[in-house]
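Report on one structure; see the data block that follows.
For clarity, every value in this text was computed on a predicted model and none was experimentally measured. Just so we're on the same page: letters track the sequence lines, and every chain starts at 1.
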Amino acid sequence: MEQTDDFAHQVYAIIAAIPEGKVTTYGTIARLAGLPTYVRQVCAVLRGIPSDSILPCHRIINGQGKITVTGETYQRHKKALLKEGVVFNKNDKIDFKVFGWNYPY
DNA sequence: CACCTGACCATCG
DNA sequence: CCGATGGCCAGGT
């Protein structure tokens, strides 16, 4: 429970640091954690986060500006985002130029 | 060690 | 805009 979990720890910290009403992507998180190739691992970490977590995992979306999950999780995240003032386009997309916490490029 | 999986990403048609 | 394809790479079996 050290170096290997260190990455997950950073991911948690980064997620917790996302401001309200903003969103970010998996790739960005991986990069901020210092491991740009760990984008799939970010996914694994998020998957391990229960809905009860204090972490705003609903602010994590993919590079297309869409919620990456489906089903109930999708609905819950979308509602939470709307509550925070995030606006979805007609294609259920989020404008990164407005709500992107930090631009992926 | 080999194979499969994945809440991704970029590119192409 | 949507779907398919390839690339990426750690983890699990």
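A/R40 has no side-chain polar atom (N or O) that falls below the 4.0 Å cut-off from OP1 or OP2 of C/dC8.
One interatomic measurement links the two molecules: CD1 of A/I29 to P of C/dA10, which rounds to 18 Å at whole-angstrom precision. At whole-Å resolution of the value, CD in A/Q64 and C1' in C/dG3 are 11 Å apart. Atom NZ of A/K93 is separated from atom P of B/dC9 by 12 Å (rounded to the nearest Å). Taking atom CD1 of A/I60 as the reference point, atom P of B/dG6 lies 20 Å away to the nearest angstrom. The CG atom of A/N62 sits 14 Å away from the P atom of C/dG3 (whole-angstrom rounding). One interatomic measurement links the two molecules: CG of A/D5 to P of C/dG11, which rounds to 9 Å at whole-angstrom precision.
Considering only the side chain of A/R47, B/dA7 comes nearest among B/dC9, B/dA7, C/dC2. Among B/dG6, C/dC2, B/dA7, the nucleotide with an atom closest to any side-chain atom of A/K66 is C/dC2. Of the candidate nucleotides B/dA7, B/dC9, C/dG11, C/dG11 has the atom nearest to the side chain of A/Q41.
In terms of polar N and O atoms assigned as donor or acceptor, the side chain of A/Y26 comes within less than 3.5 Å of the base of B/dA7 in a complementary pairing.
For A/F99 against A/V86, the heavy-atom pair with the smallest separation is CE2-CA, 3.8 Å.
Applying the side-chain hydrogen bond (donor to acceptor under 3.5 Å, both in side chains) criterion to A/D92, with sequence neighbours excluded, gives A/Y74, A/K78.
Looking at A/I29 and A/W101, their side chains never come closer than 4.5 Å, going by heavy atoms from C-beta outward.
At a threshold of 4.0 angstrom between heavy atoms, the contacts of A/Y38 are confined to the sugar-phosphate backbone, with no base atom among them. Contacts of A/H58 with the nucleic acid, taken as non-hydrogen atoms under 4.0 Å apart, are absent.
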Tell me which donor-acceptor pairs under 3.5 Å the side chains of residues 46-65 of chain A have, and how far apart each pair is, sequence neighbours excluded?
unit_1, atom_1, unit_2, atom_2, d
A/S53, OG, A/L55, N, 3.1
A/H58, NE2, A/E84, OE2, 3.0
A/R59, NE, A/E84, OE1, 2.9
A/R59, NE, A/E84, OE2, 3.4
A/R59, NH1, A/I18, O, 2.8
A/R59, NH2, A/E84, OE1, 3.4
A/R59, NH2, A/E84, OE2, 2.8
A/N62, OD1, A/Q64, N, 3.1
A/N62, OD1, A/G65, N, 3.4
A/N62, OD1, A/K66, N, 3.0

